[in-house]
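Lettering follows sequence order; numbering is per chain, from 1.
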Number of protein chains: 2
Amino acid sequence: MGKNTGAEAAGQGQAEAAGQGRAEAAGQGRAEAAGQGRAEAATKASAAGQGRRVTIREVADRAGVSIATVSRVLSGNYETPAATRARVLRAARELDYVANAHARALVGAGRKMVAVVVRQVTSPFYAQVAEGVEAEAATHGWLCLVAATGGDAQRELEIVQLMREEGARLVVLVGGVVEDDAYRERVAHYAQALDASGARLVLCGRPAPVPDIPALVVEFDNEAGAHAITSHLLSAGHRRIVFVGALSGNTALDARVAGYRAALAEHGLPAESAHVVDCGLGRSAGLRAMTALLKESGGAPDFTAVFAGDDMVAAGVLRAVADAGLRVPEDISVVGYNDVPLAEDFDPPLTTVRTPAEELGRAAVRLALRDPEHAAGTHHLLGTHIVVRDSVQPPPPGPALSDGGSPTA
Amino acid sequence: MGKNTGAEAAGQGQAEAAGQGRAEAAGQGRAEAAGQGRAEAATKASAAGQGRRVTIREVADRAGVSIATVSRVLSGNYETPAATRARVLRAARELDYVANAHARALVGAGRKMVAVVVRQVTSPFYAQVAEGVEAEAATHGWLCLVAATGGDAQRELEIVQLMREEGARLVVLVGGVVEDDAYRERVAHYAQALDASGARLVLCGRPAPVPDIPALVVEFDNEAGAHAITSHLLSAGHRRIVFVGALSGNTALDARVAGYRAALAEHGLPAESAHVVDCGLGRSAGLRAMTALLKESGGAPDFTAVFAGDDMVAAGVLRAVADAGLRVPEDISVVGYNDVPLAEDFDPPLTTVRTPAEELGRAAVRLALRDPEHAAGTHHLLGTHIVVRDSVQPPPPGPALSDGGSPTA
DNA sequence: CTGAAAGCGCTTACAG
DNA sequence: CTGAAAGCGCTTACAG
């Protein structure tokens with residue numbers, strides 16, 4: 001509290017001179033505008049004050065030209081004599097005029113706007129994708145709107161509806177999903193509706209739920225990434241690897257599980273050696289599932305490594321292992337997925353699969369904007385790679401290993 | 001509004017067979033609509049195909065009523081005979097009509113929209129605040145738009161301009177800032193301009209740069225939080241505490257430094273005992289600064305604890321300490337600020353100050369929406385508290401302690 | 001070079 | 001109960 005008074009006392013001398021004086025000047029500008037309009041404008045102006053925006057009419061009156069001229073000067077699409085131009089710009093500045101985007105959109109092509117729909121903004125992975133979309137959109141001079149569904153289908157539907165109403169030209173749906181019939185229907189509908197109005201749907205980090213819908217798909221090769229990290233574990237000598245954090249039906253997770261199983265099979269391990277814990281995503285899910293797993297085995301786990309469905313699950317797994325008095329990687333190796341920004345600060349630094357999330361977002365926009373006609377229906381796969389840190393080492397000798405597969409690698 | 005048609009669209013989807021079938025059916029609906037419109041509509045329809053949205057006119061024609069009736073049925077503000085109502089709804093559904101938000105905004109009050117402006121969405125703290133704003137906005141049926149400035153004043157200005165154009169009724173500027181004259185002027189202008197058009201500006205996590213501007217302020221008591229965590233370090237016996245991650249001129253950081261200094265002074269330590277490293281925020285800044293600090297002291301640091309400007313800086317500090325072969329908290333204690341989601345997963349789990357970021361965002365919206373007239377100009381301070389984890393313990397005996405203050409506490 | 005006018009897609013008094 | 005009409009604030013052919 002003392003800070004405020006302190007800060008103000010310190011910085012306010014300057015503020016007085018600059019900001020405060022500015023505010024007054026601006027206020028005067030408005031008053032002046034109201035009093036100086038012509039007949040018709042003046043009438044409106046009297047009803048002004050709070051809640052009325054300055055319109056092009058007022059700028060025209062003040063500049064002594066028609067609204068057409070103001071429009072032309074401000075949009076900058078026409079040649080205009082310097083004198084007229086100056087008068088208009090001056091009037092606009094004095095009134096602090098900003099065009100009404102709605103009126104403009106109604107007649108023109110509308111604002112170039114892209115909407116990113118994520119489950120939640122606080123998820124580091126989604127945030128990175130959103131940042132990528134935004135960065136790329138900004139590059140092209142487009143506005144980017146980020147919206148969160150909270151995982152609720154109804155809200156997702158409302159958001160897309162909203163985007164259609166607002167005239168978004170590009171809607172990007174981000175992240176893996178559980179594909180049920182309702183979902184397939186919904187997305188097919190989005191794609192069709194957006195396409196019918198000349199807008200575009202991009203599925204980012206998830207496949208097309210039905211073939212031949214007018215949507216662009218950009219996703220990571222989850223199966224390949226999972227295969228690679230599982231192989232990494234296998235080459236370190238692990239044979240009993242548990243996958244914690246599956247989410248049955250979810251496109252991204254199912255693909256990772258598939259990659260995990262494929263790697264196991266390729267190394268000659270029987271299908272039964274796969275152990276998938278379907279506990280879903282999130283730190284707390286990982287913590288809970290791993291705690292249970294450790295408890296079941298009564299201190300002598302029958303596995304030597306854990307493949308966490310994503311880095312947040314890995315965080316929970318790490319905590320559970322520590323809480324059980326075990327060490328990573330000495331007793332149990334752990335790998336994650338995504339390489340979230342703080343994964344290198346985990347204890348120990350996490351070995352994981354780097355999915356260039358921001359690039360995924362950028363690619364979504366770039367591809368959709370390039371050759372719009374042809375983009376729909378294409379499917380792009382982005383590569384990933386392993387980031388080796390300190391959470392993996394060869395399994396310890398002991399019962400866990402002995403009852404695993406053949407320790408040949 | 002969209003709610004009506006949206007729900008209906010969903011309902012219809014289920015009625016239809018499956019995703020794919022749905023898409024086809026919808027496609028037919030469009031074709032049918034084009035071919036079945038009346039004279040004028042038919043003309044337009046021929047130019048249709050890609051890029052044309054269905055309008056209220058077409059719905060009216062198909063339902064055999066006037067556009068006024070369609071408007072009334074869809075907006076749901078008027079009583080309508082069931083028969084008419086059914087015909088209109090049916091037509092709207094068949095054409096998959098969504099109202100043009102711009103046209104609607106032009107005549108009506110406009111969509112209730114709040115914009116959150118943050119530095120970047122990938123910062124966990126900002127993301128949490130944004131999520132709070134969004135959650136609270138959703139509660140009130142408002143749309144929430146998240147935009148990022150990347151720390152660029154020009155972009156911030158453009159975003160606010162954009163929000164004015166779009167008719168946002170609430171603009172929330174999030175996070176501490178470096179207050180220079182240009183900034184003060186800018187914000188005073190935003191406040192005035194927004195206020196003049198009946199919109200509202202909320203400064204969230206930063207003070208008002210000039211007194212008496214029409215803006216609502218909601219922020220944390222940074223000085224109190226910093227004072228508390230510094231005292232925590234002092235009570236553990238630390239006397240040589242370095243503040244790493246100051247950002248001179250930044251409102252939030254200056255307040256934290258002030259709280260740090262105040263706590264030191266209250267414990268009877270001389271002003272010189274304060275050591276502030278002005279390296280700015282971010283993990284890499286913390287890593288770099290701490291590495292340099294450790295290097296300077298050649299293995300025998302003249303401090304026993306570090307107060308990191310925020311948790312990301314703390315992550316960098318932790319890494320630097322580990323890289324130098326020292327341990328936290330045995331050799332050096334470290335505390336952060338904000339209690340970012342993964343702070344408990346740091347090595348060791350970080351003792352820090354919990355700033356309820358989501359609540360800050362919620363409060364911003366709640367306060368702005370409640371009693372709008374009176375809200376402007378008020379200033380709210382939210383409390384914080386210390387979260388004790390494992391990164392602090394009494395300082396080790398040795399040179400660092402001996403040349404500190406008197407070890408009495 | 002610049003106005004007057006039409007029209008974008010809606011909503012809402014105003015009259016039946 | 002429901003149409004015809006005015007009007008929201010712009011842009012853009014269309015005529016000077």
Trainee: More 5' along DNA chain C: Glu79(A) or Ala68(A), using each one's nearest nucleotide?
Mentor: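 The residue mapped nearer the 5' terminus is Glu79(A).
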Trainee: If the P atom of dC1(C) is compared with that of dA5(C), how far apart are they to the nearest Å?
Mentor: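 After rounding to an integer number of Å, I get 23 Å for this pair.
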Trainee: Rounded to whole angstrom, note down the P distance from dC10(C) over to dC14(C).
Mentor: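 Each nucleotide's P atom is 24 Å from the other's.
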Trainee: Tell me which of Arg72(B) and Ala103(B) sits closer to the 5' end of DNA chain D, going by the nucleotide each one is nearest to.
Mentor: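 Looking at the nearest nucleotide for each, Arg72(B) comes out on the 5' side.
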Trainee: State whether Thr80(A) places a side-chain N or O below 4.0 Å from either non-bridging phosphate oxygen (OP1 or OP2) of dT2(C).
Mentor: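 For dT2(C), neither OP1 nor OP2 has a side-chain N or O of Thr80(A) closer than 4.0 Å.
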Trainee: Ser75(A) near the nucleic acid: base, sugar-phosphate alone, or nothing, with a heavy-atom cut-off under 4.0 Å?
Mentor: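 Since no nucleic acid heavy atom lies under 4.0 Å of Ser75(A), the category is nothing.
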Trainee: Please give, in whole Å, the distance from dC10(C) C1' to Asn100(A) CG?
Mentor: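 The distance from CG of Asn100(A) to C1' of dC10(C) comes to 13 Å, rounded to the nearest Å.
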Trainee: Could you tell me how far apart His102(A) (NE2) and dG9(D) (C1') are, to the nearest whole angstrom?
Mentor: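 Result: 11 Å.
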Trainee: Distance check needed: dG7(C) P versus Leu106(B) CG, whole Å only.
Mentor: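 Taking CG of Leu106(B) and P of dG7(C), I get 17 Å after rounding.
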Trainee: With side chain to side chain donor-acceptor pair (under 3.5 Å) as the test, would you mind laying out the steps for Glu185(A) and His189(A) before giving the verdict?
Mentor: CA-CA 6 Å; Glu185(A) 261 177 61; His189(A) 179 222; over 6 Å; no
Trainee: Please pick, from dC10(D), dC10(C), dT2(C), the nucleotide with the shortest atom-to-atom distance to any side-chain atom of Ile67(B).
Mentor: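 Taking heavy atoms from C-beta onward, the closest nucleotide is dC10(C).
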Trainee: CD1 of Ile56(B) versus P of dG9(C): gap in Å, rounded?
Mentor: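 To the nearest whole Å, that distance equals 11 Å.
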Trainee: Under 3.5 Å, side chain of Arg87(A) to main-chain N/O of Ala63(A), donor-acceptor pair present?
Mentor: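 Present.
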Trainee: Among dG3(D), dC8(C), dC10(C), find the nucleotide with the atom closest to the side chain of Thr69(B).
Mentor: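 Nearest to the side-chain atoms of Thr69(B), counting from C-beta on, is dG3(D).
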Trainee: Where do Arg53(A) and Asn100(A) come nearest, in terms of heavy atoms and distance?
Mentor: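 In terms of heavy atoms, the two residues are closest at NH2-CA, 3.4 Å.
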Trainee: Please report, rounded to the nearest Å, how far the P atom of dG7(D) is from the CZ atom of Arg53(A).
Mentor: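 The answer, rounded to whole Å, is 21 Å.
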Trainee: Side chain to side chain donor-acceptor pair (under 3.5 Å) between Glu158(B) and Gln154(B): does it pass, once the steps are laid out?
Mentor: CA-CA 6 Å; Glu158(B) 281 167 14; Gln154(B) 182 55 35; 3.2 Å; yes
Trainee: For Leu194(B) and Arg164(B), work out which heavy atoms get closest and say how close.
Mentor: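 Minimum heavy-atom contact is CD1-CG, 3.5 Å.
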Trainee: Which base, if any, makes a Watson-Crick or G-U wobble pair with dA4(C), both distances under 3.5 Å?
Mentor: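 Pair assignment: dA4(C) / none.
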Trainee: Which nucleotide sits closest to the side chain of Ser66(A): dG9(D), dC10(C), dG3(C)?
Mentor: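 Nucleotide nearest to Ser66(A)'s side chain: dG3(C).
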Trainee: Between atom OH in Tyr78(B) and atom C1' in dC10(C), what is the gap in whole Å?
Mentor: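 Rounded to the whole Å, the gap is 13 Å.
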